[in-house]
Amino acid sequence: MSKIGVYVCHCGENIAGVVDVEDVRQYAEQLDGVTVTRRNLFMCSDPGQEMIRQDIASGLVDRVVVAACTPRTHEPIFRTTLEKAGLNKYLFEMANIRDQGSWVHAHDKYGATAKAKRIVASAVGKAANLHPLEDKFVDVTPAALVIGGGVAGIFSALELAKMGHKVYLVEKQPSIGGAMAMLDKTFPTNDCSACILTPVMVEAANHPNIELLTCSEVADVNGYIGNFNVRIRKNQTYVDWNKCTGCGACAEACPVRTANEFNGGMDHRGAAYIHFPQAVPKKAVVDMSVCINCAGRKLGTEPRISKKTGQPVLAACEKACPSGAIDRSHHLPAEGTLRDIEVGVIIVATGYQVMEKENFPEYAPDSPNVITALQMERLISATGPTGGKLLRPSDHRKPRTISFVSCVGSRDVRHHTYCSRVCCMYMIKQARLIKEKYPDIRIFMHVIDVRAPGKDFDEYYTRARDMGITFVKGKVGGMEILPADQVRVLGYDVDLGSNIEVDADMVVLASAMEQPPTAKLLARKIGLSFDGAGFFKELHPKLKPVETAVEGVFLAGCCQGPKDIPDTVSQAKGAAAAAAIPLCQGKVRIDPTISEVDTEKCSGCGICTPLCPYNAIVLKTYSGRPRAMIDITQCKGCGVCTAACPSAAILLHGYTDVQILSQIAALTRAA
Amino acid sequence: MEQFGMYLGCNIPFNAPDIEQSFRQTFPNLGVEVVDLQGATCCPAWGTAPSFDINTWLAISSRNITLAESEQVDIMTGCNSCFGILAEAKHMLDHDPGRKAQVNRLLSKADRKYSGSSEVYHVAHVLHNKIGVEKINASAKYTLRQLKVAVQPGCHLLWPSAVMKVKEKNPFFPTMLKELCHALGAETPHYSRLESCCGMGAMRSTNQERALDTLKDKLKSMKEEIDPDMIVTTCSSCYLQFDNAQKLLRDKGEIDFAIPVFYYTQLLALCQGLDPAQVAAISETPRDEIIVRIQSKQRLLN
Amino acid sequence: MQTVNLTQMDKEGIAEKVIAMGGEGLLNCVQCGACASVCPVARAGFSLYCKNLIKKLQSGYMEEILEDSSTWACQACNRCTEICPRDVKPSEVVFAFRRIQAEELAISTSAFTPLMSLYETGHAVYNKRSKELRKKVGLPETPPTSIGDPKAVAELQKILDDSPMAELGIFLNLMSRKQEK
Amino acid sequence: MEYTPNIVGFACQWCTYAGADLAGNLRCKYPPTIKLIRVPCSGRVKPEFILDALAKGADGVLVGGCHFGDCHYKDGNRKTANRMILLKKMIADMGFEPKRFRLEWISGAEGQKFADVVSEFTEELIKLGPNTIVEENAA
Amino acid sequence: MADKIKFAFLLTGGCAGCEMSLVDLSESLVDVLDHLEVVFWAPTVADVKYKDLEAMPDQSIDLAFVDGMIRLSEHEHMAKVLRSKAKVLVAFGVCASLGGVAGMANLHPRKALFDTAYIDSPSTDNPEGIYPQPKCVVDGKYELTLPEFCDRVRPLTDVVTVDYMVGGCPPHHEFVAKLVTAIVEGNLPAKGSWLTGGKAVCDVCDRNPANEQVNRKTITEVKRVVDGNGVLEEKECLLQGGYLCLGAVTQGDCNASCPKVNIPCRGCGGPMPGVTDFGAQALSSIGAILENEEVAERMVAKYPDMAKMMYRYSLPASLLGRKIKGQ
């Protein structure tokens, strides 16, 4: 007979203010197998834990039930308590009477107490059927994968590399740099974005521990912490990067003109192009989706010989390339090439996208002079489409009046309810940069309120006011298109208490940062989950901000939520530190709450094999017959096979049939 | 022949029956049969029941819709305001079963039951989405080529878009009426106050001064930015405001121009060669001159 | 402007009342001003329009604004509802407030004539010259609406007679006249 | 005494159990009718558990998992969905009102949804009245 | 050779098919009889009156087999009497151990069963609508009694303590031979267990993909034998081919005799040891390997009587046991 100790936590008033904890304790006293019942103000406090330790030490207790908060946060704490007291830490069960009790039933104290009793009975029922389990350990592959080569990914990779770990840095664009590479200057210091980022990009590219995989995507992820098998797809570049020197001759020669994404579609690039001037690696790619095949021959065929000259007729890019890196006679697979790598940890740093203006019908999206802030960033950048001159898109004339509109798609139930956090500051930055350069341009900032809570941010904002930038408190509700491509902003000034209008030459929409739709695909491959806003969910919003529910996978940057560059870099370094732990330890613990096949009972029907999401179950011959076996390093303990096994031969440790049935019995027993 | 229940409202049959006549005469030429909704009442107007009690409003609106239900036709309204009221009422009833049951209890006093089987459309929706610009274009005998039209789509046809079966691609920059005018050969240059309010209805009855100011702002934008030959609308309220209040503004000396005003089907009727004495006969802002120009030989299509 | 002591404002039941009358989004409003920026009533300079009406209701104003008939200038154009980033549906709040005003008969005087007309003829707008106009354009003198259809008017009156509108006594004279008949 | 339904819930620890915890964090009120049994994945929930709970007199049973595409174990919830389609039919065949059993996808971000589901389910069960199988068997 | 084993065989509500499987031992039965002394075999074989059984001393029978489910009050009575007389009691065959095919009657109320049997069936001529009565008086003086028809079918285990259970409808004769040998040799497991080889039908089925070291595929099709979709290849798994074969869930002491002849296993062998509710386990195992929800929906449509499919032989022993009254 087990000796179960039941410890009821008051959690200050959190539980005791609603649940009659003494009543619950008394109830627990008479449950089968219970030998000790106690209460404490805070079970997780030192005295609370000491109470448990002493009862174990004095032999009163060999199973522990703590009725308190959620096991999702506190189970590890109490398991450690058991371990320290010399009891197997898996002989522990929690009854969640706070998060799922007192906090949600404060309106019904009697009901909350009655429910708490049942939950305790359920936990006691399970505890009586618990068995000791042993942790196992496996070696960690000493390498990391960083997905995303923006500022978050670059810093994560560099930190790990500097600690001595091998890092694969995967970026789907031809160059690393991400969104930060598109920015002109950065707030609140007005540093040139490229000037501070480029050296870091180069450092990452040259670091002996970092292997840069650009134009690449993650095709598949298998495995588990310490031993992930990742399949990387290197997309077809149609340029031999071993030969390409990044001279740009092909881009100049290419006759195609297509919208240049890097410049927000405000100028053109060729089908052969280099991502941007400071690209790292600086290599050309050919975008086959827009290539017009100017020499008129299929890929993978020998060139036609000109009758006139007797020379082969080459495409403009081939002809221009001085190093022979572009050769259309090679048959290059359009789907690129696959490569498998093994890593111990993964950092996801896939970044964000900004909402396009087409999402906002009320803001005259058809007007060429309504642009997003990211486009404005390119428009004022020295490497941008106008070489840094501020010219409005419709007629390339200098604007006289500019309106900035905030909270476009953010804080808006029709789009995203969250604040994108950086819009106020980058609007102010852009306004200041414009004002510094062109003091005669009138600038209106339409804001619900200004959010400038960072270090030196408010000062930065105050200076903008000093420079004569007009702040109008009030959200813009609509726009009218005036002759000559002007846009009349229909606004409201909360302070004036009156409607206002601005006849603007340009309107800049501070559109929201959002998770790109491609994130869904990646999430499915890795097993990441999303928060309510659609960003990747961290394991705990406060205490585990870079960890995820998938052990060994970490988050950095805006894929976890909107943030500015300092916060991104901080988080990237944090993620690197967290990811380094398993790499440094060299071993990871395998949770023993996983499935195990009782080979004697297995009938070899094979029902379980197609069910396992991790292909952890294989059929092996045992006494001449096929029998299922589970690879403990692959199994993550979901229990799908356990529920499916027709021979009841698969046991999920920690969640056995007997344990769950005993919980059901306790919950349905007449109260 | 496709049928629609013609919901006339109040202003059209009593103040602008030439619009009613234009419906009756143009739709058959487009292959649409206009079915009368015998015994229809006011939609009811925003300032009446909707401003007092939601269920009374919905009972009166749904009673009107039941007239179409029993004829097994969808409703076609000529007035934006009627459309807005009926479409919102239908949306509320169809999305709230509890509300529908309450309203049906009220309706039972009039021995009627609302089922939700008839849709609510506006004349502009029927013209644009059911009939289509090709048929309209084919029905015209006269062209409006080189005539400039200031379009006035009116507000209740645009918002809230959630309640509408037929939606503009961008309700803030509507194009349906423009396309309908293009079908007749007219030009429809953009003017900035396209979507600002005409000032009719509740605003005018509450404070005529402010309502006239609102209209003036809009008229000036039309005049100064595009100097149109005429104003065309598909809202009978806007129509009356542009026609009648434009005169008031002129009388007060606030404006010194007169832009003729047409309801879209009046213009269509003229292009179809119908008799102006029946389809465009009542107005306070003169339009005889432009009517003669429209139905002139030069504009006759072969 | 006088200082308002917010602690002395009686907010009791005001929000609940507005919500019950159809202004369900009242408390969602963060006063961003988007609705007012495009509101014809605000743009024309009326005193009580969506945004400031909502603010006043949130702050506990009721008595103070009950008699302000400028809310009756709302065209119900619903542009505010279309763009509101908080799903307040400001026009619904305006109408909810109008319904509260109506309960107190704090109605724009211009609203009465259409009401009477609605009750008597089924049409809020009626023009006595209409017969003449209709004849002029070649239409029958009476359109196929309730105006020439006593049964239809009777149906409408049955709906109106028991309505909260009738309880306000608006139709009292008309109802007694009907009974006399 | 007024009838309070007794609901046995099976909640996957990544989504629905986390959602229930979030409901606590947000102090969303719901009736104290549901008691959760934490399982790693809704795919661990054997139909037998549900029948067992009903046979033992639970008034309602809820199985909660992650939304499709969000499963921590890739697609355990899809196995659950398949099983529960068959089970729903079988429960009905056995004379139970199918409404006594619910399958819900509640993510870890949907605290309010968890509270709403429980409130609504409780209402539904109050309308249905108690599960009388235990009394029936005793008789 | 020790004393002969005193052996009894009782048929309750059943077809006596299980007894046939004992007889099917044919020549080996002769050898067996060297070890057995049949003291009671009713009502099938010997003209033994029930009162004779009642008269036997308690614990005087070494080994008793019962085949058949508990349908009538008489069955319950006899089962209890036999229990007191027998040292070891075996529920022999799936009717006794789980309720059997007749158990599907538990999805219908008694009234409906009687109506079908005594009123509605085409071969019945009962214009007065008379139902069987437990008691009636003939000619005004002879009181006749009939056993009472119970509310529902129960397995033997519901009525008395059963020492061993044997599945099968009927148990396969080869297994019966092994079983009898084991009994004779006193080679029995702990009381309360199934007498079984402990492996599922799949383990002995030639169609199991695992035999070829091939992983099973998920189910994408739903078929029924009655639809006449043709016959699968000899080595092709019926379940994988879309048929609702319960072989994975069922004790395979039958040597997979049904799948061998193209008939999907219907579960007569009973659940694998350790499984409580046969149908629920079948549903869990098969539900999990359906390709997607759409296939599951198709399965529900294809098998409109899900409970009868999954509990063909085991409904009375399931967790719910019967259709509960509407609430």
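By convention in this document, chain letters (A, B, ...) are assigned in the order of the sequence lines, proteins followed by strands, and residues within each chain are numbered from 1. Just so you know, these numbers use all the heavy atoms, side chains as well, and skip hydrogens, waters and symmetry mates.
The contact between C:Arg43 and chain B is made entirely by side chain atoms (from C-beta outward), counting heavy-atom distances below 4.5 Å. Looking at B:Ala280, there are no atoms closer than 4.5 Å to chain C (heavy atoms on both sides), in backbone or side chain. Both the backbone and the side chain of C:Leu139 come within contact range of chain B, with heavy atoms under 4.5 Å apart. Interface remark: C:Glu132 contributes no atoms to any contact with chain B (heavy atom separation under 4.5 Å). In this structure, chain B has no heavy atom under 4.5 Å from any part of C:Ile100.
Atom CZ of B:Phe14 and atom CZ of C:Arg134 lie 7.5 Å apart (nearest 0.5 Å). Going from atom CZ of C:Arg79 over to atom CG of B:Leu158 covers 9.0 Å, rounded to the nearest 0.5 Å. Interatomic distance, CD of C:Glu155 versus OG1 of B:Thr66, reported as 7.5 Å (0.5 Å rounding). Distance check: B:Lys109 NZ to C:Ser163 OG gives 8.0 Å after rounding to the nearest 0.5 Å. C:Leu118 contributes atom CG, which lies 9.0 Å from atom SG of B:Cys43 (distance to the nearest 0.5 angstrom). With rounding to the nearest 0.5 angstrom, the NE2 atom of B:His156 is 7.0 Å from the CD atom of C:Gln75.
Among pairs with a residue in residues 74-113 of chain C, those fulfilling ring pair (Phe, Tyr, Trp, His ring centres under 6.0 Å) read B:Trp46-C:Phe95, at least two apart in sequence or across chains.
Using a 4.5 Å cut-off on side-chain heavy atoms (C-beta onward), B:Leu107 and C:Ile159 make contact. Between C:Glu92 and B:Glu88 there is a side-chain heavy-atom pair separated by less than 4.5 Å.
Of all the listed residues (B:Ala281, B:Pro160, B:Ser51, B:Ala59), the one sharing the greatest number of non-hydrogen pairs under 4.5 Å with chain C is B:Ser51. Chain C forms the most heavy-atom pairs under 4.5 Å with one residue out of B:Ala45, B:Ser161, B:Cys155, and that residue is B:Ser161.
Here the closest heavy-atom approach between residue B:Asp36 and residue C:Pro144 is recorded as CG-CG, 3.5 Å. Closest heavy-atom contact between B:Phe52 and C:Leu168: CD2-CD1, 3.7 Å. Across C:Gly22 and B:Ile54, no two heavy atoms sit closer than the pair CA-CD1, 4.0 Å. Scanning both residues, B:Thr56 and C:Met165, for their nearest heavy atoms gives CG2-SD, 3.8 Å. Residues C:Ser130 and B:Pro13 come closest through the heavy atom pair CB-O, 4.5 Å. Residues B:Arg63 and C:Ala152 share a closest heavy-atom pair of NH2-CB, 3.3 Å.
Other residues, nucleotides and ligands contribute only 12 or fewer heavy atoms inside 6.0 Å of the CG atom of C:Asn173.
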